[in-house]
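These numbers were taken from a predicted model, which means no experiment stands behind them.
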Amino acid sequence: MAVREELDAFVAKVNSNPVHIANEKDRVFQIELQESGVLQIVLTDGNLSVAEGTPHEPQVTIKTSDKNFSKLLKDDLNTTMAFMTGGLKIDGNIGLAMKLQEIVKRYQ
């Protein structure tokens, strides 16, 4: 399954039961994938959506491989190790990157 399909499935799962994101602030997580390009995960009014490219101003940018992002979506990536070895790079608010990981964990 391609990363975009995995991300769309994750977004659908979250939006079908948004209880864990209902009180989250609106924000944009930008994902720069080495193979697939740029995607944005947009959290607005307790709902997630995906945008291609950079239509929104991101609060945090995560740069990684498609493989690592796929693992992150499955809560199967050791993010600390990936960050320390350069397999995961964060630009912007690292706390928001951790917030995305927390959201993923809630929906496993």
Side-chain angles (χ1 to χ4, degrees):
M1 183 182 293
V3 172
R4 175 61 196 256
E5 292 170 341
E6 290 177 9
L7 181 56
D8 288 340
F10 173 74
V11 166
K13 184 177 184 178
V14 171
N15 288 337
S16 71
N17 183 22
V19 67
H20 298 297
I21 62 166
N23 296 319
E24 294 289 337
K25 293 180 182 176
D26 293 355
R27 49 183 57 118
V28 177
F29 305 92
Q30 184 162 296
I31 314 300
E32 295 183 4
L33 299 168
Q34 292 170 352
E35 295 86 9
S36 298
V38 179
L39 298 171
Q40 291 184 330
I41 302 171
V42 182
L43 175 57
T44 308
D45 297 325
N47 216 353
L48 285 183
S49 62
V50 178
E52 289 191 24
T54 58
H56 307 284
E57 183 68 31
Q59 284 78 36
V60 64
T61 300
I62 300 168
K63 299 176 183 178
T64 192
S65 67
D66 287 38
K67 182 179 177 181
N68 278 348
F69 188 66
S70 177
K71 286 182 176 182
L72 188 140
L73 283 176
K74 297 172 188 156
D75 193 30
D76 192 31
L77 179 67
N78 182 333
T79 52
T80 302
M81 185 61 73
F83 184 76
M84 290 175 61
T85 59
L88 182 71
K89 296 179 181 172
I90 310 289
D91 288 336
N93 187 333
I94 196 164
L96 289 181
M98 293 170 66
K99 176 60 77 174
L100 179 60
Q101 183 182 15
E102 181 182 312
I103 292 169
V104 168
K105 284 181 184 289
R106 290 179 188 168
Y107 285 93
Q108 292 309 309

Closest heavy-atom pair, D66 versus E35, reported as atoms and distance to 0.1 Å, is OD1-OE1, 2.6 Å
Considering all heavy atoms, the nearest F83-I90 contact:
CE1-CG1, 3.8 Å
Worked check of side chain to side chain contact (heavy atoms under 4.5 Å, CB included) between F10 and L48
CA-CA 9 Å; F10 173 74; L48 285 183; 4.1 Å; yes
How close do K25 and L43 get, heavy atom to heavy atom, and via which atoms?
O-CD2, 3.4 Å
Applying the side-chain contact (heavy atoms from CB on, under 4.5 Å) test to Q59, which of V28, N93, D26 qualifies?
V28
Whether E32 and K89 form a salt bridge (side-chain N of Lys/Arg under 4.0 Å from carboxylate O of Asp/Glu) is what I want to check.
no
Counting N and O atoms only, with roles assigned by atom type, does the side chain of Q101 sit under 3.5 Å from a partner on the main chain of L96, one being a donor and the other an acceptor?
no
Considering non-hydrogen atoms only, spot the tightest contact between H20 and R106 and give its length.
O-NH1, 2.6 Å
Any L100 side-chain heavy atom under 4.5 Å of I31 side chain
yes
Atom pair CG (N17) and NZ (K13), whose distance is rounded to the nearest 0.5 Å:
10.0 Å
For the CD atom of Q40 and the CZ atom of R27, what is their distance to the nearest 0.5 Å?
14.5 Å
Could you go through the side chain to side chain contact (heavy atoms under 4.5 Å, CB included) check for T44 and V42 one step at a time?
CA-CA 6 Å; T44 308; V42 182; 3.3 Å; yes
Could you list the residues that satisfy side chain to side chain donor-acceptor pair (under 3.5 Å) with D75, not counting sequence neighbours?
K105
